[in-house]
Amino acid sequence: MKIKGFKILKLLLLTAVIISFIIASAFSFTSCCLIPEAIKNIISGMESISEDISEEEKVLPDEKLPVTEEEEPEKVITPPEEFTGIPASYLVSTLKVPGQAIDIDVGKEYAYLTNDLGVLYIIDIRDKGNPEIIGKCSGITAANIVIVDGSYAYISYTDWMTGEEDYYTECGFYIVDISDERNPVVIGDYNTGESNKKTVYGLYIDGDFAYINTNIWGEDEVESAFEIVDIKDRAAPKMVSSIEVAGAPACVCVKGDFAYINTNMYDVEEDEYLEESELYVIDIKDKKAPAIVGLTSVPSNSWGMYAMDNFVYISSNIFDPDTEKYENSNLQIIDVSDSLNPVALGKVVIPGGAWEVDAIDNFIYVSDLDGGLYVVDIEDSASPFIVDSLNTIGDSYDITISGNYGYMADGFNGMLIVSLSDESAKKEGFFIDTDEDVNYPPKAYIDVFGDEASGDYYETKNPVYFSAVASFDPDRDELEYSWEVEGSYYSDGESSSYMFEEPGEYDVTLVVSDGVESDEVTETVKIIEKELCTTPTAKHNFIVEIEYRLVNNGPVKLTDIECFMRTPQTYFPYQIINSSTPSLGDTDEYYD
């Protein structure tokens, strides 16, 4: 059973503010113009508020009507390979969804994904290289954790709403009937927080019972509880019992007659975590009278958790808002064979921000909030060590494993399917020493893209884009980039573009360095010259101003906003961008 904690989304409570951006571009233009698309915005913070979103906004742009079984095209099915026991993680496919992908669970043929717009997506994953959305359930406000058990999906939520003078919440979990994959339906709602400031974090389903952690955020303290809910009647779930716990609990998991909760101490007056965390062991044999029987300190701040055999695996990290980096990121192993006296065993440093946890064989997979995952060998519980890693461009909120594949909810990057092991693709063992001072070499990757003329060929006089965003350093050192085209230095940015004037084959080389070690990769770019289907008859030079405006209608001040806006690009000979100047100084250029 997959164990879920809560998510720290890069979303914040909204407030009234208007932000305006103006991009002035100088054009040489002969035939057509580009209309800027709507901007995306990423808002950093701790809690998420779901706005009222129309059904039109929740519909995928390319969504198709469901087809009947007779009309459904034959699916290419990838066999569910057995895990070989040799970690070699690599990306198989990506599926974008609106907003951020938040949490994911999987069955034999389908994945179940929530996003921050309150939608549950059901995705056909039989063809791992081409996953396909086949159903969705909208209106699941503030959807967060998703756990699938049989014909039902359980989805936790905390919905922040504005009252006359203050804000309040409604929270709990929805029960969705997923027996018809193309038409999932909400059939139950356990609402444990109505018109107060209560939140739901961890959720676990075991048989006819659900287990959740809740907090009530008061002016002076946090009131937290562990609740047991009877879900035999899916249409009318009801609380069986609850027990108070200290601090702000994060995750919950159940094994046999015991539940495990990791909780973080919080100072409400100072509005900050105290960097003190504990693991509670709760006897739940009598569902009407749960009792805390064991307690031990764990690394702060504690977030994800997984229970297997006689051990509990806990991830932790501390986010520094000043540096915007994660610190003290670890995976801690706790021996719970003696429920009365849990004991901390081995610990391993996880570069980045350790978050969700899942396992297969003797390996723990930890998602990284900086993007990606790390694989930890836990055969020796006293001396775990990292054996593999994978970088992604999103915020990896969740990792769920099924067979030989991992399924990741990667924020704005959508759902990722990752192959977990392959002898032919076995990587070098970077992580063979548990010494924190060891420097691990970076890995260089080039993505090449642009307006392809045909196949893998690009056109002369049109920009070809090169990105090193997939390059990464296993221990998260800052990287330096150096690009060469045909042996000549060209750029030192993470991304760049180049216009080839003549047809031919050109070598593009990327060198990435962490200041100590480096890695190099070369891609060959094929350029052709195509005959124009039209003849330009006139040339016009002019300047265009493009203004982007973000309006916040929420009750709280916006902070740490990153806005992404699409700008016109050269498309020879019809549109040539001579220069582009933003009205703000603090900007970076990225290629989508």
Side-chain angles (χ1 to χ4, degrees), residues 86-91 299 315-320 322-332 346-355 363-377 383-396 418 425-448 466-496 507-523 588-591:
I86 303 174
S89 308
Y90 60 92
L91 182 64
S315 69
S316 61
N317 72 71
I318 298 173
F319 181 74
D320 187 336
D322 295 327
T323 63
E324 295 187 348
K325 293 183 179 297
Y326 297 98
E327 301 175 349
N328 298 334
S329 178
N330 301 284
L331 177 72
Q332 175 72 66
K347 183 174 69 172
V348 60
V349 174
I350 304 294
W355 194 237
F363 301 100
I364 290 287
Y365 286 73
V366 184
S367 69
D368 174 14
L369 290 175
D370 273 341
L373 62 85
Y374 286 86
V375 187
V376 180
D377 188 318
S383 301
F385 61 95
I386 296 174
V387 292
D388 191 29
S389 64
L390 176 73
N391 188 46
T392 70
I393 63 174
D395 302 293
S396 300
V418 177
K426 185 167 61 175
K427 294 182 179 179
E428 298 176 17
F430 291 148
F431 304 90
I432 57 176
D433 197 322
T434 57
D435 187 347
E436 296 181 27
D437 295 328
V438 171
N439 181 73
Y440 306 124
K443 294 294 291 183
Y445 292 95
I446 296 178
D447 286 324
V448 183
F466 307 106
S467 173
V469 70
S471 301
F472 71 103
D473 187 81
D475 48 14
R476 299 299 181 182
D477 291 333
E478 292 291 332
L479 290 179
E480 298 176 353
Y481 307 90
S482 178
W483 295 90
E484 293 182 358
V485 179
E486 286 296 288
S488 298
Y489 168 78
Y490 175 64
S491 171
D492 61 359
E494 184 182 51
S495 302
S496 62
D507 286 337
V508 176
T509 298
L510 167 67
V511 178
V512 296
S513 171
D514 63 3
V516 178
E517 298 190 62
S518 63
D519 189 36
E520 178 180 311
V521 63
T522 298
E523 291 284 347
D588 292 298
E589 188 173 27
Y590 294 92
Y591 296 110

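Applying the side chain to side chain donor-acceptor pair (under 3.5 Å) rule to Asp377 yields no partners; only residues at least two apart in sequence or on another chain are considered. Every residue meeting the side-chain contact (heavy atoms from CB on, under 4.5 Å) condition with Asn317, not counting sequence neighbours, appears here in chain and number order: Trp303, Tyr326, Ser329, Trp355, Leu369. For Thr522, the side chain to side chain donor-acceptor pair (under 3.5 Å) test picks out Thr509, with sequence neighbours left out. Considering only residues two or more places apart in sequence or on other chains, Asp320 meets the side-chain contact (heavy atoms from CB on, under 4.5 Å) condition with Asp322, Thr323, Glu327. Annotation: salt bridge (charged side-chain N to carboxylate O under 4.0 Å, His left out) contacts of Glu324 (sequence neighbours excluded): none. Partners of Tyr481 under the ring-ring contact (aromatic ring centres under 6.0 Å, His included) rule, at least two apart in sequence or in another chain, do not exist in this structure. Taking the side chain to side chain donor-acceptor pair (under 3.5 Å) definition, one finds that Ser396 meets it with Thr392, Asp410, sequence neighbours left out. Not counting sequence neighbours, the partners of Val521 by the side-chain contact (heavy atoms from CB on, under 4.5 Å) test are Ala444, Ile446, Leu510. Not counting sequence neighbours, the partners of Glu478 by the side chain to side chain donor-acceptor pair (under 3.5 Å) test are Lys325.
Judged purely by atom type and a 3.5 angstrom limit, Asp368 has no side-chain atom pairing as donor or acceptor with the backbone of Ala354. When atom types are taken as modelled, the side chain of Asn330 and the backbone of Gln332 share no donor-acceptor pair closer than 3.5 angstrom.
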Give every donor-acceptor pair under 3.5 Å between a side-chain atom in residues 485-492 and any protein atom, sequence neighbours left out.
unit_1	atom_1	unit_2	atom_2	d
Glu486	OE2	Asp507	N	2.7
Tyr489	OH	Asp492	N	3.4
Tyr490	OH	Ser497	O	2.2
Ser491	OG	Gly493	N	3.1

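Nearest heavy-atom pair across Ser518 and Pro442 is CA-CG, 4.1 Å. Pro87 approaches Asp388 most closely through the heavy-atom pair C-OD2, 3.7 Å.
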Any chance you could lay out the side chain to side chain contact (heavy atoms under 4.5 Å, CB included) test for Ser315 and Ile350, step after step, and finish with the verdict? CA-CA 9 Å; Ser315 69; Ile350 304 294; over 6 Å; no
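Counting only residues at least two apart or in different chains, salt bridge (charged side-chain N to carboxylate O under 4.0 Å, His left out) contacts with residues 510-523 are absent.
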